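Read the structure below first, then the notes.
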Protein chains: 2
Amino acid sequence: MAGEGDVKLLGAAVSPFAVLARMALELKGVSYEYVHEDMGNKSDLLLRSNPVHKKVPVLIHDGRPVCESLAIVEFVDEVWDTAGPSILPTDPYQRAVARFWAGYADGKLFPAYFGIERAATEAERAEKVKETVAVISQLEAALSNGKPFFAGDSVGYLDIVVGCHLFWLEAFSRMFGVALVDASKTLLFAAWAERFGEDEVASKGVVPGADKVVEYFKKKHQAR
Amino acid sequence: MAGEGDVKLLGAAVSPFAVLARMALELKGVSYEYVHEDMGNKSDLLLRSNPVHKKVPVLIHDGRPVCESLAIVEFVDEVWDTAGPSILPTDPYQRAVARFWAGYADGKLFPAYFGIERAATEAERAEKVKETVAVISQLEAALSNGKPFFAGDSVGYLDIVVGCHLFWLEAFSRMFGVALVDASKTLLFAAWAERFGEDEVASKGVVPGADKVVEYFKKKHQAR
C-alpha cells in the first residue's frame with residue numbers, strides 16, 4: 001500500500017453506511033483492512049475514534065479517524081484523487097446537485113424504511129411504507145436524465161449513496177410482504193436498482209445480501 | 001460581474017441557513033442579488049428552483065439552482081476558488097473533520113433550540129434547553145485547538161456553519177430567560193461566539209440580529 005498509507009475501515013455486519021464507505025474504497029481500488037465491530041460490545045478503537053456518535057463506519061487513515069459515511073466518501077475521493085475515476089462529478093454544479101440528492105437520500109431513506117420495522121401498529125407501518133415509496137419517487141427525479149446511472153454512464157457518488165440501501169429494501173420487502181422498489185410505481189428507479197445490482201461494485205462481496213438482514217432481525221427478535 | 005455569472009440568492013428574513021449562504025458569498029466577495037422570499041406566500045421561482053423541499057436558501061447561478069445551505073457553501077467555494085481564501089480547509093483530512101462537524105451542527109443545533117419554542121410543557125422546554133447546551137458542549141471539542149476560530153486563525157467553514165445560528169441563540173436566550181451560550185458552562189464556545197460576532201463577516205449586514213427573531217415570533221404568536 002505504498003503511497004496510500006495504512007487504511008482501516010470499522011464496519012458492522014449489515015450497516016448500509018459501512019457498505020457505502022466500502023463501495024467508495026472499492027471504486028478507487030484502495031487496499032484496506034476491514035474491521036468488524038460488534039455493535040453490542042463496541043471496541044475501544046471505535047469509541048475513541050468516533051466519540052460523538054459511537055457509530056460505524058469509521059475510516060482510519062494513518063491512525064487518523066474520519067467519521068460519517070458521506071464525509072468518508074468525499075475523503076476517499078480527495079485522497080486517492082488519481083486512483084480510478086472521480087466518485088463525485090468533477091463539475092462544481094453537478095457536484096452540488098449530487099450533494100443535494102445525497103443529503104436527501106441520507107436523511108430520508110433510512111428513517112423511512114427503518115420505521116417499517118419499528119412501527120407499533122399496522123397503520124403506522126403502512127404510513128412508513130408510503131413514506132419510503134415517496135422518497136424513492138423523489139429520487140427518480142435525479143434519474144430522469146436518460147442515462148443508466150445517477151452519475152451518467154457509470155456508477156458514481158449518488159449511485160453508491162442510494163445503492164448501499166438496496167439490500168435492506170429487498171430484505172424489508174420480503175420480511176413485511178410489501179413492494180418498496182416497485183416497477184409499477186417507480187419504473188426508472190426499479191430499472192436502475194437492477195442495473196446497480198449487476199455492477200461490479202455491488203457484486204464485489206462488500207454487500208452482505210438481503211438474507212443477512214433478514215437473519216439479523218430474526219436474531220434480534222429472538223433475543224427480546 | 002464579468003467572469004462570475006449572474007448570482008441570485010433566495011432567502012427569508014430570519015433564516016439562519018440563508019444567513020449561512022450569504023456569509024459564504026461575503027467571504028468570497030461575490031456580488032449577488034438578494035431576493036427576499038415571503039415564506040407564507042412562496043414565489044414561483046422558489047417552488048420551481050427547490051421542488052423537493054420548497055425552502056430557502058436557494059442559490060441561482062446563471063439560472064441554475066443550488067439547494068441546501070451546506071451544498072451552497074461548497075459550491076461557492078468551488079466556483080469562486082480563486083476569489084479570497086478557501087472557505088473549507090484545503091487539506092483533505094481537515095476538510096473531512098470540518099464536514100463531520102458541519103453535519104453534526106447542521107443536524108443537531110437547529111432542532112434542539114427550535115424545540116425550545118415548540119415545547120408544549122415546561123419540562124419539555126427544559127429538556128430542549130439541556131439538549132441545546134449539550135450540542136454546544138460537543139462543538140467545543142472542535143474548538144480545543146487553541147486557535148481563535150474553528151478553522152484556525154481566521155473564519156472558515158465551520159465558523160459560518162455554526163456562527164449563522166448565534167443570533168437565534170441570543171434571541172431564544174432572551175425570549176425564554178435561559179442561558180444557551182454560557183461562559184460558565186462552555187467557556188471556549190462563548191469566547192468564540194464573541195470573537196465571531198466581531199468578525200467582518202458577521203457584521204456586514206447579512207446577520208439580521210436577535211431583535212428580528214424576537215419580533216418574528218411576536219408577530220407569529222399574534223397571528224395565532
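If you're wondering where the values come from, they're calculated on a predicted model, not measured in any experiment. These numbers come from the heavy atoms of this one structure, side chains and all, not from hydrogens, waters or symmetry mates. Every chain is numbered from 1 and lettered A, B, ... according to where its sequence line falls, protein lines coming before strand lines.
- Put simply, of A:G103, A:A102, A:P65, A:P51, the one with the most heavy-atom pairs under 4.5 Å next to chain B is A:P65.
- The shortest heavy-atom contact between B:L180 and B:I136 is O-CD1, 3.6 Å.
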| task | Go through the steps for A:V66 and A:V58 under the test side chain to side chain contact (heavy atoms under 4.5 Å, CB included), then give the verdict. | result | CA-CA 6 Å; A:V66 177; A:V58 178; over 6 Å; no
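- In this structure A:A183 satisfies the side chain to side chain contact (heavy atoms under 4.5 Å, CB included) test together with A:L187, A:A190, sequence neighbours excluded.
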| query | side chain to side chain contact (heavy atoms under 4.5 Å, CB included) between B:I60 and B:L45: does it pass, once the steps are laid out? | reply | CA-CA 10 Å; B:I60 303 180; B:L45 182 61; 3.9 Å; yes
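- Highest contact tally toward chain A, considering only B:A71, B:P92, B:G107, B:A141, is held by B:P92 [criterion: heavy-atom pairs under 4.5 Å].
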| query | Given A:F149 and A:L143, is the side chain to side chain contact (heavy atoms under 4.5 Å, CB included) satisfied, shown in steps? | reply | CA-CA 7 Å; A:F149 296 103; A:L143 265 176; over 6 Å; no
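- A:A105 and A:V161 make their closest contact through CB-CG1, 4.2 Å (heavy atoms, listed as atom of the first residue, atom of the second, distance).
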| task | Please lay out, stage by stage, how A:L9 and A:V35 fare under the test side chain to side chain contact (heavy atoms under 4.5 Å, CB included). | result | CA-CA 6 Å; A:L9 186 84; A:V35 181; over 6 Å; no
Short donor-acceptor separations (under 3.5 Å), chain A to chain B:
unit_1 : atom_1 : unit_2 : atom_2 : d
A:P65  : O      : B:Y93  : OH     : 2.7
A:E74  : OE1    : B:R99  : NH2    : 3.1
A:E78  : OE1    : B:R95  : NE     : 2.9
A:E78  : OE2    : B:R95  : NE     : 3.0
A:E78  : OE2    : B:R95  : NH2    : 3.3
A:E78  : OE2    : B:R99  : NH1    : 3.3
A:E78  : OE2    : B:R99  : NH2    : 3.2
A:Y93  : OH     : B:P65  : O      : 2.7
A:R95  : NE     : B:E78  : OE1    : 3.0
A:R95  : NE     : B:E78  : OE2    : 3.0
A:R95  : NH2    : B:E78  : OE2    : 3.3
A:R99  : NH1    : B:E78  : OE2    : 3.3
A:R99  : NH2    : B:E74  : OE1    : 3.2
A:R99  : NH2    : B:E78  : OE2    : 3.2

